[in-house]
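I have placed the structure first, in the form of C-alpha cells, so that the comments after it can refer back to it.
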Amino acid sequence: MASASLHLDTPLAQTSPRYSASGKALWLKLDALQPSGSFKLRGVGRLCQHEVENGAREIFCASGGNAGIAAAHAGRALGVPVTIVVPETTAVDVRQAIAATGANVLVHGSVFDEANDHAVALARSREATYVHPFDHPLLWDGHATLIDEVVAKGAAFDCVVTSVGGGGLLAGIVAGLRRNGLSDVPVIAVETEGAASFHASLEANDRISLPAITSIATSLGARQVAQHVFDLPKQHPIESVLVSDADAVAACLKFADAHRILVEPACGAALAVADVHAGLLSRFDNPLIEICGGIGVSLEKLRLWQEKFL
C-alpha cells in the first residue's frame, strides 16, 4: 500500500466561454473530488507515506480541517494512528468528519498557530512523527502531481489560478510547472480579504504575520505563509490578487449550480477571479483553475453565507 499513491488522478473539465465574465473557456482541475475532499491528500499523503516508510508509527498534524482529514485518510490507509489538532475556529461538523475517518481529534488554541505549536509539542513528547500541513518539500512534491496530470491529459493552459493559504498548494503548482518545462507559465495567487497573509507580505516586502483572520474562508487562515512561498515570486511569475468573502460565496454558488459540486469559500476565491478580475485573464487564452475543494461546506452553510453576503 505504501508505494501506491493515496490520491486520485482527478478529472479535468472545461467550461464554456460564457461561464464567466472573462469570456474564456476555463480548465478546471477537480480536486474537490479527492477522497479527502480536497487537494490536500496529494501532499499530505505523500509526506505521510514517506514517514511511515521510514519508520513512523504514529502521526500528529495540526489543521483547520482539510489537511487533518487528509492525514486521517492517509493514516487509515497506511495503518498508523493519527492525531489531528484543530483550533477552536474549526467547525464542529468538520471535527466530526475528521473523527469519523478514524483519527483522534484534539481542540487547542484560538488560531492555527497555537494548534500547530501544540501538535509539535505532543509529537515530540510521544516520539511520534509531526506532519506539517503546508510547509514541507515532500508536500509540495505531492501537490505538484496535479500539474503532472493536467500535462499528461494534453491540456494546453497558459496560466494557473489557485487559492493561497499557507502556500503549500502554490509551492506545489510552481514545482509542477517547473518539472514539466512550464517555468514561464504565470500563477495567479488568490486570497480573500481578511486572510491575505501572502498579499500583505508581498506588499510589505517582508514575511509578516497577520494579527487575526477575519475572512469566512478559514481554510486560507494561515496568519503567515511559509518562507519558501514568500520567496517564490522572486523565482517564478506570480501575481497576487484579492477577492471579497461575498465574491467567494457567489462563485461557490455559481459553481454548484453549473457543476453540481460543493466547494468551500477558500476554493470559491480562485473561481471568483474569472468574474471579479476578468480583465486580468484577458491576456490568457486557456486559464487553468485549481478546484481545491474543502470539507468545510454544506448546503446549509452555503445558504447561510448567501443570506449574509448576497
Side-chain angles (χ1 to χ4, degrees), residues 38-40 43-44 47 60-68 70-71 84-90 94 107-124 130-143 162-175 187-236 238-245 248 264-267 269-270 290 292 294 296:
S38 85
F39 77 96
K40 287 282 191 179
V44 172
L47 182 52
F60 282 78
C61 178
S63 170
N66 291 315
I84 308 300
V85 184
V86 300
E88 294 158 4
T89 51
T90 297
V94 171
V107 181
H108 184 90
S110 58
V111 292
F112 165 77
D113 308 74
E114 294 170 359
N116 191 53
D117 289 345
H118 190 56
V120 171
L122 285 174
R124 187 181 298 119
Y130 162 75
V131 168
H132 198 284
F134 59 81
D135 192 1
H136 194 287
L138 285 177
L139 282 170
W140 310 331
D141 181 65
H143 297 331
T162 184
S163 299
V164 179
L169 178 57
L170 174 60
I173 286 170
V174 170
V187 181
I188 297 170
V190 194
E191 294 166 288
T192 51
E193 298 159 359
S197 54
F198 183 59
H199 189 82
S201 295
L202 295 182
E203 284 201 327
N205 197 30
D206 185 27
R207 190 171 68 107
I208 67 168
S209 180
L210 296 178
I213 300 298
T214 57
S215 169
I216 61 162
T218 53
S219 294
L220 303 183
R223 292 169 56 214
Q224 186 179 57
V225 296
Q227 180 66 49
H228 171 73
V229 174
F230 174 68
D231 294 334
L232 277 180
K234 303 181 184 74
Q235 307 156 24
H236 191 91
I238 296 172
E239 191 151 355
S240 170
V241 300
L242 302 180
V243 299
S244 69
D245 280 352
E264 289 183 10
C267 179
E290 161 64 0
C292 54

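Numbers here simply count residues along the sequence, with the first being 1.
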Does a side-chain heavy-atom distance below 4.5 Å link Val85 with Asn116?
no
Candidate list Val190, Thr162, Leu170, test side chain to side chain contact (heavy atoms under 4.5 Å, CB included), partner Glu290, passing option
Thr162
Any chance you could measure Asn66, atom CG, to Lys40, atom NZ, to the nearest 0.5 Å?
7.0 Å
Do His143 and Ile173 come close enough that some side-chain heavy atom pair is under 4.5 Å?
no
Measure up the His118 and His108 rings against each other and bin them: parallel (under 30°), tilted (30 to 60°), perpendicular (over 60°).
parallel
Quick one: side-chain contact (heavy atoms from CB on, under 4.5 Å) partners of Ser197, sequence neighbours excluded?
Glu191, Leu210, Val225
Across all chains, not counting sequence neighbours, the side-chain contact (heavy atoms from CB on, under 4.5 Å) partners of Ala171 are Trp140, His228, Val229, Leu232
As a quick check of understanding, evaluate side chain to side chain contact (heavy atoms under 4.5 Å, CB included) for Leu139 and Val44, giving each step before the final call.
CA-CA 6 Å; Leu139 282 170; Val44 172; 3.8 Å; yes
Using the test salt bridge (Lys or Arg N to Asp or Glu O under 4.0 Å), find all partners of Asp117 that sit at least two apart in sequence or belong to another chain.
none
Results of side-chain contact (heavy atoms from CB on, under 4.5 Å) for Ser244 - residues two or more places apart only
Glu193, Ala246, Asp247
With side chain to side chain contact (heavy atoms under 4.5 Å, CB included) as the test, would you mind laying out the steps for Val241 and Ile188 before giving the verdict?
CA-CA 7 Å; Val241 300; Ile188 297 170; 3.8 Å; yes
Take atom CG in Asn205; do more than 12 heavy atoms of anything else shown fall under 6.0 Å from it?
no
In short, Leu242 meets Ala196 closest at the heavy-atom pair CD2-CB, 3.5 Å
Can you find a pair of side-chain heavy atoms, one from Phe198 and one from Pro233, that are under 4.5 Å apart?
yes
Side chains of Ile238 and Leu202: does their closest heavy-atom pair fall under 4.5 Å?
no
In chain order, what residues pass the salt bridge (Lys or Arg N to Asp or Glu O under 4.0 Å) check against Asp135, with sequence neighbours excluded?
none
Which atom pair, heavy atoms only, marks the closest approach of Gly68 to Ile84?
O-CD1, 3.4 Å
Is Glu114 reaching over with its side chain to a backbone N or O of Pro87, donor-acceptor style, under 3.5 angstrom?
no
Looking at every non-hydrogen atom in both residues, tell me the closest pair between Ala266 and Ser163 and how far apart they are.
O-OG, 2.5 Å
In this structure, OH of Tyr130 is separated from CG of Leu122 (nearest 0.5 Å) by 11.5 Å
Could you work out, with side-chain contact (heavy atoms from CB on, under 4.5 Å) as the rule, every residue matching Thr192, not counting sequence neighbours?
Ala195, Ser215, Ala217, Leu220, Val243, Asp245, Ala248, Ala269
Within the 4.5 Å heavy-atom criterion, are Val111 and Ile213 side-chain neighbours or not?
no
Ignoring hydrogens and geometry beyond distance, is a side-chain donor-acceptor pair present between Gln235 and Asp231 at under 3.5 Å?
no
Heavy-atom closest pair (Cys61 atom, Ala119 atom, distance to 0.1 Å) is C-CB, 4.2 Å
What heavy-atom pair brings Ile208 and Ala200 nearest, and what distance separates the two atoms?
CD1-CB, 3.4 Å
Nearest heavy-atom pair of Ile216 and Pro265: which atoms, and what distance?
CD1-CG, 3.8 Å
Rounded to the nearest 0.5 Å, how far does CD of Gln224 lie from CG of Asp113?
8.0 Å
Would the distance check show the side chain of Glu264 and the main-chain N or O of Gly296 forming a donor-acceptor pair, the cut-off being under 3.5 Å?
yes
